[in-house]
Each structure stands twice: as C-alpha cells, then as structure tokens.
Amino acid sequence: MTALATAAGAPAADIAGRGLLRFLTCGSVDDGKSTLIGRLLYETQVVFDDHIDAVTRASRRHGTTGEDVDLALLVDGLEAEREQGITIDVAYRYFATARRKFIVADTPGHEQYTRNMATGASTADLAILLVDARKGVLIQTKRHAYIAKLLGIRHLVLAVNKIDLVGFDAGRFAEIEAEFRAFVAGWDFATAVAIPLSARFGDNLVAPSPRVPWYDGPTLLQHLETVEVDEDITAQPFRMAVQWVNRPNLDFRGLSGSVAGGRVRSGDPIVVTASGQATRVARIVTADGDIEEAEAGQAVTLTCAEEVDASRGDVLAPPDARPEFSDQFAAHLIWMHETPLFPGRPYLLKAGTRSVTATVSEIKHRVDVNSLSHLAAKELQLNEIGFCNLSLSAPIAFDPYSANRETGGFILIDRLTNATVGAGMIEFGLRRATNIHWQALDVDKAARARLKEQRPAILWFTGLSGAGKSTIANLVERKLLAEGRHTYLLDGDNVRHGLNRDLGFTETDRIENIRRVAETAKLFVDAGLLVLVSFISPFRAERQMARDLVEAGEFIEIFVDTTIDECRRRDPKGLYAKADRGQIKNFTGIDSPYEPPERPELRLDTVQQTPEASAEAIVRHLRDRGLLG
Amino acid sequence: MREVAAEFRNPVMLYSIGKDSSVMLHLAMKAFYPASPPFPLLHIDTTWKFREMIRFRDDTARRVGMRLIVHTNPDGLARNVNPFEHGSSYYTNVMKTEALKQALTLHGFDAAFGGARRDEEASRAKERVFSFRSASHGWDPKNQRPELWHLYNTRIAPGESIRVFPLSNWTELDIWEYIRAEGIPIVPLYFAAERPVVERDGMLIMADDERLPLAPGQSPEMRLVRFRTLGCYPLTAAAESSAASLEEIVREIMEARRSERSGRLIDHDEQASMERKKREGYF
C-alpha cells in the first residue's frame, strides 16, 4: 500500500496534507471527561443533528445536567455504562479541523482500569489529564501521568476543568499548575502545559474565554492543533518485521511488512537480524508501481538483490544499526488479567510478527503507581506494573521501547485461554544472555542412551492427591528395573524434603516447584534415563512447560483419573479430612483448582482397574512407543 | 490484512457492495500485490438488495478475479421473511445476522474482514480491530482483548473466530476522499439521479422492484436523489441531492448535518439497538 493508507491504521495524512494527532484523555468519573470530548466534537461540527436529537432524548432519561443537553452522552457508547454513568472501556472518536485530524482515545479513569489507559496510550502522542478545579491534582492524576510516561507519551496537557465552579479564580489555577509542574519536573516530557477551562460551558476549549482574562495561553484546541509531536520515528534506524512472504509465482519473491522505524531506499544494504544474512533492497513494490523510498508507517513489499532466507517473524535492519538480539531482557510489564502473573509460568510472547514462549524469570520490583515507590513482589495482580526479567524460548530482535515503540513493545498471551494478559515495554537486553553460551559436550544424550539400550523419556503422572500416582509409578519403576532399565523416580513429597524444601503451597510456589522438578527431569533425560515424575501438578500451563523442555515424543503425560469423591474416600494420608476441617490451605480439589489434561498420552481409570493393571498398561505403552529398545 | 492472511487458516472478506467494502477490497488488492488476496469474498444476500448492487457485485468479482460466495438464509427464504410483514428488526436478524452466522459456520471461516468503522455508531467506537467472537458468534463488549500498539492477538480455540475491521480508524470523509484519490469504482446509486421513490414516515424509499407494497392510490414519483449508505432497498432511505460527482459528494458530506446511518431504518428500532445486534452476531 502506498502513502495514503496503512493496514488497520488510519489514513495517515489526508489529501490536503493535514497531519494527524492521536491523543488520549484521562480523568476520574466526575472530572467531566466525556463532556469535554462531547463538546470538542460538538464545537468542531462533527456531531450530526440526528445524534443531537438522540442525545437530547437520552439526556432526559440518563442525563446529569438538568434541562441542558448532556454532551457526555454523545461519547458514552455502551448500554451498561449509560446505566452506571461511567465509561468502561477504550472508545475512539474522530474529528478534524482545517489544520489537523484527530483520533481521541477515551479511557476511563477509575482505579481498576489501568489496562485500558495503557491500551489507549500505546498509540497516542499526547495525553490530556483532567482535574476538577475544586479538587486539584489527585493521586490519580499522578498515576495517569506516570502511565503516560511509561507508555512513551511525550506531551502532556493538564486540563483544569470546572474553572467556573471556583469562580474563575486565577489563584486557584496557579496553585494547581504549580503542583502539576512540581511532580512532572524531571520526567522529561517534551511539553507539559496547564489550561483552565469549563467543558460544560465551553470556556477555553475552542475560543479564548473572556471569563479568564488572566490566562493568556492557548485554548485547548489551539494547543492540540499546533503542538509539535513529530518525534520523527523516521530518524530512527530502519526496521521492518516480515509479515508475509509474497510469492504469487516462481519469478517473484517479496517480503511484505510495515516499516516500523526509519526509512529504506532501493539499493540500501539490509540484514536479516536472526541469521545475519546480508543483501540489498532491489525494489520497493506497490500496486501503483515501484517507489524509490518508504518510511515508517508505510506498508510495503521489498524484493532483495540476492535471495536470503527470510520468513514471517524475521526483522530486517541496516547492517550498521542492527537491533538487539537476545533471549533475555528486562522490561516494564503491565498486567491485564484477573489471573495474576506468576514467575516461571510460560506465556506466549508476541513482538512484531514473531511469537515465542516466554517466562518471567524474576520480578525485580513492583511499582506502586500511587506513591511511585518500588515494592518487592512475588506475583503481579490485574492492573499492577512490574519491572521484570524475561526469558524466552528463542532469541528475538528488539529495540529499547524508548527508542522505538513498535519494536520495543510486546504482549503476553495465555496459552490456554488465548487471552491477552500483559503488555511490556523492553528496557534493555540482559548481558548474561549474550555471554553465557552453551558448552558443547562430546558425550551427548544419544550416546548415553545408546549405552543403556533404551530411549529416555519423562513419564509425568498427574492427578489429585490420593489418586494413586505414587503407587502406580512405584510399580512401573519396579517392572522396568526388573527388565534391566535405567530409571529414576521424582516423587512430589520426597522432593519437597530436599531440593524444594523452601517452597510452600501458594500458586507461585507450586509453579516454581514444578519448574524445578521439570528442569531436574530434563537433566535426567539428558543422562539417558526413563524418569518417572509423580506430582499433583494441577495447572495445565506448567505441565505444558515441562513438555516443552524436552524433545517431541520424550514427554508422556499420564493422567491418573480418580474422582475427588473417591480420593476423599481413600484418603491414605488423612489429608482430605484435615483440609475439610480447614487445617490445610490451598489443597488441590478443595480450595485450589485442578485442571485435568486435555490430551494426555495415557488416561488411567483407577476405579475400574487395579494399580497392577495400570502399571502393566504403562509398560505396554512404552514398549509400543519403542522406548524399551 | 496480511497479519490475518498469515495467521489464520481460513479467512474470508465480507463484501457488502457498499463504499466501505469497495475501499476495503481495494486495500486488500494493494496489500497483496502482485499476488491476489488469498481469501474469497462473501456476500450475504437478503434478496432485498438494490438490483444495481447485485449487478455491481458480480462485475466487481469478475474484475478482481476473486472467488465470490453468495449466501442466503434458506430457512428465511422458505418462510418468505421480508421487511414489510415481519418488521425490520426480525427481518434483519433472520436474513442478515442468522444468514451470516450460517455462512461462517458452513465454510468454517475462522477470520472475517468487515468494513465497519468506529465513527459510525457509539457502540462501534469501542470495537477492536481484531474482535473476538465465541463459537456461537457472540460479542461480549465487557470481555474484549486489549489492543496495544499494532500488536494483535490472533489466537483462537477451534470453533471460535475473529472479526477484523481494517477500516476502524477511517471516517466517512476519509472514505470518500480516498475513493476520489484512488478512483475506486462504486455503485452508481451513490450519485444523484432521477429515481422512483415513495415517501414513508418522512423517509424516501425507492421502488426498486414491484415487491414494494404501495398504499392505495400511491405511486412512485421521480425525484433527484442519491444514497449515502446502501443496504436493503426497503430499509434504506434516499436523500434528495444533486451531488452527481465525487467532488460534489465530498462537499455535501463536509456540510452534512445528519449522520450517514440516519437513513438506516434498522438503527432506529431502539436505542442501543446496534450493540444488541452485535452481541447476537451482527457485524
């Protein structure tokens, strides 16, 4: 596509050459945010008569402005929020003046919706923070400024609303402005201005208000029309993530993607970051004919002078200004889901056009957005922000977020529910990833296994406490030993007496428990052993992590499927009785969930089948898979 | 669009024949050039579309060389569900929403492009670019995935699907200016011409064929009209206009005082009716 449009983006600049400003508005429910946007839309004439009619009708029903038309209702879209009188999600609005086009992200201000603000801020150039002149700068205002800063917004406006309600008092405004300046000092915003206004009556929104003669700055709209926001992403080094390989026939092979930074000209030398393969841009192909140069924001198709091996997920860059390439980095993470972030739990990370498995290896600290102090944290809850180290299953190309928002931002996806659970801003790659290389060893897994005349594997027994995991695993190991096989059994209870004695039973500790056991089992597989792991391992995500640690076919998930009622009846260790009396917390099946496997290699019904028969079935399965020589 | 083509097994583009669909299709042709867009077009035919639209649809499919799938709800057709006897709300549900769900399920499409824009209607302002739908095609406005930067979460479970709105951030004026700049063909109904219309509840309805019931003594009269949006002819009001060129249309829109969907009778059924329709699976 050419200069006019980018896929899924707005038409960047229109035919008249007007620039585009994307901004977001934040403030609490009562600060008059929706009214402000409603009035901007109204005054710039994008509100149609039939919408006004509808709002006039609705004002009588839901409005809060008495007989006047409640302009906020132009903006509050969904039924639910009309009823609650609050905005519940990010809404986008569009208006234009003769000088600029605007996209407004309207985000709610109340505490539990940090994620919505972050979403709106991720594509915005400027943020308007609304405060009520009667209340002044609140903790929430500072929180919004911090999130704006974190998401890379460089321009801030403090809209001091309801100035009419403090009698247009210059002193009050000066007080608020001074407080605002004090806390954003040192935050390095390119511009930060405060404007006194009344959204309800239109003072200083579009035209200067005669009711605040002491204010000689721009009106809100004047400022929005003229503020310089071109940080010039085009001045950054060239970046393009390959989105799609365009191959209509054998004679044409193009790499399609959106330019995420800098500019590229035909003839420029480029490299594929992952492989380091070098080539030159031969053509920049568009439907309207080849172009000489493309810049950040444009969607293009490049062909290369010498064929290189590049596919979706690869990042193209100039050879002398490559992005970082690492499988470990430090990043700020905003958690966006009700299920907390647990270090060690594997998530899917999407950055650019590449998706890899990632875990948070360490939460360095959590940021308390109210005091901005750093707190120790073992997990991140919904709307919490943490500074974390991440570890990836494969290296990716990235830039620091402060240099390039497109190549420095990523999202985390839950692998089971597919929900977007977190968003991250990369700060820097971790040196230790670049300096610790794998030591190549002469004796390898295959050699060790050959000597033992078997193929190594993990037999992962999962099921409720009392399901019969350890009993069956024990029988299986005896049978294998009798055949002369080399085995090792990792038992949940036994490991907790040694390697994992420092861990408790919270969700965080359970995940770490499984991570250590899975890594240990992996070492034993490397040693050529058949490893039996007998752990409740209640969460699918961790079992998946264990599966991903070893090669395909080396992980055999055995679901010891015994109902909770049957386990409770058996209760070999008296634990259910204790848990029922409330003496054990976080007991799986009672006050902590168990997620049954969806596709285990083997499912054992311990009610229909004796432990002996179950063990037989497992050995038969191993033989069928060819693991026993 | 390329993101969808790269990440989904079986995408489809909803082609409604209107101006937004025309722009979306044009963008797809450009995005995949010199290849062809790697997905078919789907049109939900209620059997009440303007005849000129159907002609234009078939010409367009031929021109761009893409496969066109046309689907009509066979159950609605058998029961002769129509906007006059069954009311616009029920009719829209059966012939559009249900028909769409049938077609998506029938062909197993896991991603569907639509030409909706956020500036059209309040509930659409909160729609995502990649909008997740349950296995029953429902939309849950309170449980939407956050979209940051240009990173779209494209992961779905079997049976679930995603609706993708590439024109989310375009306004009506953007659409017209782009059509003018790129010379994109559109249905002639958008341009003013003398057309046979009758007046219904203050709206001008075009008598596109003999199925339109007329009051005793009523007969269509020729008026100079054009359409600002196109849908089913009995439910889409014409506007008196003399704008016969793209330049005149752009000028008219810049001065317009009524929103484009004001000519859509289905939107007036009740307040927040669009949100309700969307939850049920309407685009």
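Letters go in sequence order (proteins before strands), and every chain restarts at 1.
Of the listed residues A/Leu348, A/Val245, A/Asn249, A/Val421, the one with more heavy-atom pairs under 4.5 angstrom with chain B than any other is A/Leu348.
Nearest approach of A/Asn246 to B/Ala35, heavy atoms of both residues: OD1-CB, 3.2 Å. Listed here is the closest heavy atom pair of A/Thr420 and B/Pro146: CB-CD, 3.9 Å. What you find for A/Asn418 and B/Ile156 is that their closest heavy atoms are ND2-C, 3.3 Å.
Contact of the A/Asp288 side chain with the B/Lys30 side chain is registered, since non-hydrogen atoms from C-beta on lie closer than 4.5 Å. Inter-residue side-chain proximity for B/Glu3 and A/Thr353 is flagged as met; some heavy-atom pair is nearer than 4.5 Å. Residues A/Ile103 and B/Arg118 are not in side-chain contact: their nearest non-hydrogen atoms beyond the backbone lie 4.5 Å or more apart.
Environment of CZ in A/Arg247: crowded, with over 12 heavy atoms of neighbouring residues, nucleotides or ligands closer than 6.0 Å.
With a 4.5 Å cut-off on non-hydrogen atoms, A/Arg312 touches chain B through its side chain but not through its backbone. Looking at A/Leu416, neither its backbone nor its side chain comes within 4.5 Å of chain B, counting heavy atoms on both sides. Looking at A/Ala121, there are no atoms closer than 4.5 Å to chain B (heavy atoms on both sides), in backbone or side chain.
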Margin query: Go through it in stages, so that I can follow the logic: the residues are A/Val285 and B/Tyr33, the test is side-chain contact (heavy atoms from CB on, under 4.5 Å), and I'd like the CA-CA distance, side-chain angles, deciding distance and then a yes or no.
Written below: CA-CA 8 Å; A/Val285 181; B/Tyr33 177 87; 3.7 Å; yes

Note to self: If you apply the rule side-chain contact (heavy atoms from CB on, under 4.5 Å), what do you find for B/Trp149 with A/Leu151, and how did you get there?
What the structure shows: CA-CA 10 Å; B/Trp149 305 290; A/Leu151 269 294; 3.9 Å; yes

Margin query: Pair A/Met336, B/Leu148 - check side-chain contact (heavy atoms from CB on, under 4.5 Å), show working.
Written below: CA-CA 11 Å; A/Met336 302 187 150; B/Leu148 292 101; 3.7 Å; yes

Next item on the list: Begin with the C-alpha distance, continue with both residues' side-chain angles, and end with the deciding distance and a verdict on side-chain contact (heavy atoms from CB on, under 4.5 Å) for B/Arg145 and A/Ile413.
Entry: CA-CA 10 Å; B/Arg145 293 172 174 179; A/Ile413 300 168; over 6 Å; no

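If you check the side chains of B/Asn169 and A/Tyr92, you find no donor sitting under 3.5 Å from an acceptor.
Although no hydrogens or angles enter the test, the distance criterion places no donor-acceptor pair under 3.5 Å between the side chain of B/Arg2 and the main chain of A/Val242.
In this structure, A/Asp414 does not pair ionically with B/Arg155, as no charged nitrogen and carboxylate oxygen lie closer than 4.0 Å. Looking at B/Glu147 and A/Lys350, no side-chain N of the basic residue comes within less than 4.0 Å of a carboxylate O on the acidic one, giving no salt bridge.
Rounded to the nearest 0.5 angstrom, A/Lys101 NZ and B/Thr171 OG1 are separated by 5.5 Å.
Between B/Phe32 and A/Trp244, the distance from one ring center to the other falls under 6.0 angstrom.
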